[in-house]
Number of protein chains: 2
Amino acid sequence: MHQVREEAIVQTVIRLLGEKGFDAMTVDEVAAAVGIAKASLYKHFPGKEQLAAAAMVHVVRRALQFLQIVPPDISPVDKLKSVVGWAMSLQLADEMPALPSRNSSLRPVLLGNSDYMEGLRALGEQLGAWITEAQAQGLITASLPPQVILYTLYARACDPVVGFLKQGSQFSNAQIVDMVLRSSFEGLNSRPGSA
Amino acid sequence: MHQVREEAIVQTVIRLLGEKGFDAMTVDEVAAAVGIAKASLYKHFPGKEQLAAAAMVHVVRRALQFLQIVPPDISPVDKLKSVVGWAMSLQLADEMPALPSRNSSLRPVLLGNSDYMEGLRALGEQLGAWITEAQAQGLITASLPPQVILYTLYARACDPVVGFLKQGSQFSNAQIVDMVLRSSFEGLNSRPGSA
DNA sequence: GTCTATAGCTCGATAGAC
DNA sequence: GTCTATCGAGCTATAGAC
């Protein structure tokens, strides 16, 4: 009950974080969207930052869960594409929070949240393993440090291009994911082997 | 005098927009950073949104100026790389505002600002011409619509990866620009012809 | 529902130029 | 003396917190 309510709150916060960002999101909005009194929110979470942090932890948890169901028999680069494509789908469904800006009051709270930091570490570890594996197999470029690849994948997961293209409503969600994934992995330059 | 003051204000706003984003930026901060009273700001700009809009117009103007000095004898894809690399350098110098979120109060003001919209149109027109030219020459992929390429270039110009890598302070600015440019144009996949 | 802090915004006084 | 520019101080609304 208490747990179910909390789940609904977190879900709402994730959506609002995606739509407006942390600073523009108000806890009045959150309360109104969930359909509870603002004061009730504070029974669940001590403050706005912790509210947002809970949402971020939830997203990281879901990402870790997704890693579990990535087919183990596909190539490491396809595993990476699968994860990034999944994240883009989340964004299209308004379930991917925007990155907090560097000076946001949210940042220190996230850095001090061990659930979040531990989740991020686990995420980076698994993705990092796939990256080096893919590099060893010659599937992704070895001329970029694995860390740069990892950051790039994180950035693509919340790439604003997805939102731009969605707004135009000229393409289906599947097309958007496909195009942005291709531009990321194959690059913008033409390729000898590609069409 | 009045003009010089206004230039200093805009410069400060550009920096703060890059550091904190529109919502987290306060006009008290702007006034303090410029070294004038808050009331004086309102002699120059009617409100916070217009303040930010002036900064955005300034950035677009600078981009258009940069287009003028791009060497005309290089390939269209190199022209595009040059522009995106320049934008990344701006970001590294804290002179590239962050994208406003979709529901920001800044958005309608920007959409109603004819200087901004006209600048953006001119920018898109020139870049679009280079894109189709590069596609016609087989230099960049023709399997993505020009509009998708254009959006992708805009997104790379304020790519958060640049900030991530800068924060680590493990790479020089030139290295960061080079790596992010390569990841964008050559892609993450390994290439037959590359190292 | 109430309290408090703060962010956006404005006004009246002051100071200097002419 | 008038005019303009600037700034300290204050107003109002609202967001976070209880």
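We name chains A, B, ... by the order of the sequence lines, and we start the count at 1 in each one.
Note: CE (Met25(B)) to P (dT6(C)) measures 19 Å, nearest angstrom. The nearest whole Å value for the distance from the CG atom in Asp23(A) to the C1' atom in dA7(C) is 13 Å. His44(B) has its NE2 atom 9 Å from the P atom of dA5(D), to the nearest Å. Separating the CG atom of Leu51(B) from the P atom of dG8(C) is a distance of 10 Å, rounded to the nearest angstrom. For the pair Leu16(B) CG and dA7(C) C1', the interatomic distance rounds to 15 Å; values are reported in whole Å. For Ile9(B) and dC7(D), the CD1 to P distance is 10 Å, given to the nearest whole Å.
Cation-pi contact between Lys166(A) and Phe171(A): absent, since separation from the ring centre below 6.0 Å together with deviation from the ring axis within 45° is not met.
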- Taking protein heavy atoms under 4.0 Å as touching, what does nucleotides 9-18 of chain C look like 5' to 3' if B marks base contact, S marks sugar-phosphate-only contact and - marks none? BBB-------
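Between Glu133(B) and Ser75(B) there is no side-chain heavy-atom pair separated by less than 4.5 Å.
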- Task: Kindly determine whether Asp159(A) and Arg156(B) satisfy salt bridge (Lys or Arg N to Asp or Glu O under 4.0 Å), including the steps that lead there.
- Result: CA-CA 9 Å; Asp159(A) 199 318; Arg156(B) 290 312 155 263; 2.8 Å; yes
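Residue Ser40(B) places at least one side-chain N or O under 4.0 Å from the OP1 or OP2 atom of dC7(D). Contact between the side-chain N/O atoms of Arg5(B) and the OP1/OP2 oxygens of dT6(D) is found at a separation under 4.0 Å.
Under the 4.5 Å side-chain heavy-atom criterion for Ile, Leu, Val, Met, Phe, Trp and Tyr, Ile9(A) and Val109(A) are members of distinct hydrophobic clusters.
A side-chain N or O of Ser143(A) and one of Arg182(B) form a donor-acceptor pair less than 3.5 Å apart.
By the 6.0 Å contact criterion, CZ on Arg62(B) is enclosed, its count of non-hydrogen atoms from other residues, nucleotides or ligands being greater than 12.
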